[in-house]
Number of protein chains: 2
Amino acid sequence: MKVPNEELQRRLRRLREELSAAGIKQTHQRLEIFREVAGSGDHPCAETVYRGVRRRVPSISLDTVYRTLWLLLDLGLVGTLGRSRDRTRFDADTRPHHHFVCSRCGMTMDFYSEEFDGLGLPGGAGEIGSARRARVEIEGICADCARSDRKERRRKDE
Amino acid sequence: MKVPNEELQRRLRRLREELSAAGIKQTHQRLEIFREVAGSGDHPCAETVYRGVRRRVPSISLDTVYRTLWLLLDLGLVGTLGRSRDRTRFDADTRPHHHFVCSRCGMTMDFYSEEFDGLGLPGGAGEIGSARRARVEIEGICADCARSDRKERRRKDE
DNA sequence: GTCTAGTTTAGTTATCGTTCTTATTTAGGA
DNA sequence: TCCTAAATAAGAACGATAACTAAACTAGAC
């Protein structure tokens, strides 16, 4: 799976824009690391990116790859699959269920929905495979955080 | 967040059933570790479970907690949040998108669906918070694996 | 109740992904 | 071109997790 060149160029242009907007230096390493991720239609891990970039920049260090990937994540230029930088969390609820994650406080809450359980691949993506079970993660602001936000705002307005 | 006692008892009963069905001994430690996870409506990490169990079984070792949690996972008595035991994977596609994960080969494929992007909390769970964005992960068998499964079955039938 | 195989503990060590430290290099502005 | 803050390379360090040991323990079969 390769990203078409046109799309890759678009992404590289965006990288340059975002870096200068944020006042961050455009180094050879950063460019090549991003090119590696942005050019693979896949979901590479840091090690894979490292091996790929090393073919073009043999002196690159794994540390630089990690630092750069987290930088790109902060800038919103890449994302991660699943929760990153978190230890494994266990869940004794084995019924099919879904999660709501508060993007403010990080709290994860379960909820149930048979409709969500049975979601299948949408038309056009059906040829990828056959669905067995769906898990939905909704990101948003939990009621508690929304409350304290409102309180905070009221305090400021006075 | 605490699990109601009735539900906890149901889960403990299931633990006993599954352990004897699998011919695995029912030890005090296993019971207490499971009770800790099953009794917390939360999503504790191994360390949290360890601290909780240690209050009741002070001699417990962290090693036993890990061994038992993975055992419970293998038995399907607990699950994990997100991909466990996997390194962080990066994704240069910053458009909203969803994933199809093949439970046979582990391959993760992207797909797009504006309908999925906009999923909100279902009725009855709306008071949890306000949704901002949804991510759907569909688990199933990819077309490639389905093909080789069929081939395998044909070979056996001959 | 006895036996035994499976389990736990404690302690040590290994591994793996990731991060830190420090000396060196470099991008980009003056 | 020169300067300096920022970035890098190398390898040591780190934290979570896993493996291994030997000795003690115990659940469940007989």
Close side-chain approach of B/His99 to B/Asp91, heavy-atom, < 4.5 Å: yes

Touch class at under 4.0 angstrom, heavy-atom based, for B/Ile60 against every strand present: sugar-phosphate

Short side-chain N/O contact from A/Thr64 to OP1 or OP2 of D/dA7, under 4.0 Å: no

A/Ser61 vs D/dT8: side-chain N/O to OP1/OP2 distance below 4.0 Å: no

C/dT18 OP1/OP2 closer than 4.0 Å to side-chain N/O of A/Trp70: no

A/Tyr66 side chain near C/dT18 phosphate (N/O to OP1/OP2, under 4.0 Å): yes

Separation between CZ of B/Phe100 and CD of B/Glu137, rounded to the nearest 0.5 Å: 10.5 Å

Within 45° cone and under 6.0 Å: B/Arg30 NZ/CZ vs B/Phe34 ring: no

5' priority, DNA chain C, between B/Gly23 and B/Thr88 [closest heavy atom]: B/Gly23

Between P of C/dC16 and CG of A/Leu62, the distance in whole Å: 13 Å

Check: B/Asp63 side chain, D/dA18 base, donor-acceptor under 3.5 Å: no

B/Thr68 OG1 to B/Ile24 CD1 distance, which is reported to the nearest 0.5 Å: 10.5 Å

A/Lys25 NZ - D/dA5 C1' separation (whole Å): 5 Å

Euclidean distance, atom CG of residue B/Leu19 to atom C1' of D/dT26 [Å, nearest integer]: 15 Å

Nearest-Å distance for atom pair OH/C1', residues A/Tyr50 and C/dT18: 14 Å

Phosphate OP1/OP2 of D/dT8: any A/Arg67 side-chain N/O under 4.0 Å: yes

Separation of A/Leu121 CG from B/Met109 CE (nearest 0.5 Å): 9.0 Å

Distance in angstrom units between A/Leu69 CG and D/dT8 P, rounded: 12 Å

Sugar-phosphate only, base, or nothing, as touched by A/Glu47 at under 4.0 Å among non-hydrogen atoms: nothing

Under-4.0 Å side-chain N/O to phosphate OP1/OP2 contact, A/Gln29 with C/dA27: no

Between D/dA18 (P) and B/Leu71 (CG): distance, integer Å: 13 Å

Closest nucleotide among D/dT8, C/dT9, D/dG28 to the B/Gln26 side chain: D/dG28

D/dA27 OP1/OP2 closer than 4.0 Å to side-chain N/O of B/Thr27: no

Side-chain N or O of B/Arg30 closer than 4.0 Å to phosphate OP1/OP2 of C/dT8: yes

Pairwise side-chain contact, A/Cys142 with A/Met107, heavy-atom cut-off 4.5 Å (strictly under): no

Integer-rounded Å distance: C/dT9 C1' and B/Ile33 CD1: 12 Å

Gap between atoms NE2 and C1', on B/His28 and D/dA24 respectively (whole Å): 16 Å

